[in-house]
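Per chain, numbering begins at 1; letters A, B, ... match sequence-line order. Since the structure is predicted, the reported quantities are computational estimates derived from the model, not experimental observations.
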Amino acid sequence: MAITVKIPAPLRPLTQNLSEVALESAATVGAAVEELSRRYPGLRERLLDDKGGLRRYVNLFRNDQDVRSAGGLEAKLSDGDRLSVVPAIAGGR
Amino acid sequence: MILDRLVAAVGNTPQVRLASLERDVPGVELWAKLEWFNPGGSVKDRAALSIIQDALARGQLAPGGPRALLDSTSGNTGIAYAWIGAALGLRVSLVMPENVSDARKKLTHIYGAEQIFSDPQELSDGAQRLARQLARDYPERYFYADQYSNPMNPAAHESTARELWEATQGRVTHAVLGLGTTGTAMGTGRGLRRRNPAIEVIAVEPAEALHGLEGLKHLPSSIIPDIFRADELTRTLRISTDEGWDMADRLREHEGLLAGHSAGAAAAGALRIARELSAAGKGGCVVCVLPDRADRYLSPPPTA
């Protein structure tokens, strides 16, 4: 078991075009973001602002729950959880 | 204003002087065209009406006919199709990424459009691919309007160009336009250049692939719309989400304009151009098109 992270299309150039990345373990959403950023340089500044908080236009969902309402980057992750990176907007018209 | 039918109210939107921004740029005129005065609340009424009228004229769509209009949209075009469809007796089916704002989902729904949601992680490209697939699989069920390829999208903006030209009495020197389907930039640019080839056509696109400027497309990481012609643009400005959002705040606080995010980005681009002109001691008349109002964005999209 592990944490599965779903990567949206605009970030896939940074993840060798992977739409899903498996992390062996991450205790919190913040730890998952750090691990992802270690593996894929450039992801961190796409997801987090200068102060280390989640960018205003990036949403993270733990399974189907917005992590903003579950402790933000402190939200706990358990084995088998799915973490989805979802742009707050869709682009185009 | 007395109208025979509501579709006659599309276009002829107000153009307003951005007086508080002009203080930063002595010698340069700065104007914004407020497209949220269209009946559907956005610039996309122009493209949707032009596409629908063309399809009606060709017999591809008919009131009470067998086929529904199908297109992919992240919101504003969908709202435009939905109300125009209701007004003209046409069925409308919309493919939208699941992460479009709640306000947009609700609006298209209450006008009676069929909603088909695509994978939010694939954004508007995913919606476009799904719409294309549905159109291929069910040709008897759908007329695929395809705003990204339909020449009636840019053609709609002959009106936008004429209005800008007339409102500035031909003084316009620079037009600043956001890139989404690229219809506004292509069509407005062409219309203005036909009147005066020296007019500079400046596009605004998000600086980042993952951005918060709803309605704008980051072309380097997206499917390039068939209607896009890069060589018709004088230049392209890359605006960060923060710069666009900050300008939307400034327009609200100092001009009373409840500008949406893409409107903020367009105005930010216009101010950059005006600053360059002013700093070089040149005059100019810079216009920008503000696509929609911020109430389209007030609720965040709660979906994974």
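At least one donor-acceptor pair closer than 3.5 Å links the side chain of B:Gln121 to the backbone N or O of A:Lys6.
With a threshold of 4.5 angstrom between heavy atoms, A:Leu47 approaches chain B through side-chain atoms but not through N, CA, C or O. Of the two parts of B:Asp242, the backbone and the side chain both hold a non-hydrogen atom closer than 4.5 Å to a non-hydrogen atom of chain A.
A:Arg56 places a side-chain heavy atom less than 4.5 Å from the side chain of B:Trp245.
A:Tyr57 pairs in a side chain to side chain contact (heavy atoms under 4.5 Å, CB included) with only one of the listed residues (B:His261, B:Glu214, B:Glu208), which is B:Glu208.
Within 6.0 Å of atom CZ in A:Arg44, 12 or fewer heavy atoms from other residues, nucleotides or ligands are found, so the atom counts as exposed in its surroundings.
B:Asn99 and A:Pro87 make their closest contact through ND2-O, 3.0 Å (heavy atoms, listed as atom of the first residue, atom of the second, distance). Here the closest non-hydrogen pair linking A:Pro10 and B:Leu210 is CB-N, 4.1 Å.
For the pair B:Glu122 and A:Arg12, the salt-bridge criterion is met [side-chain N within less than 4.0 Å of a carboxylate O].
Applying the salt bridge (charged side-chain N to carboxylate O under 4.0 Å, His left out) test to A:Glu74 and every residue at least two apart in sequence or in another chain returns nothing.
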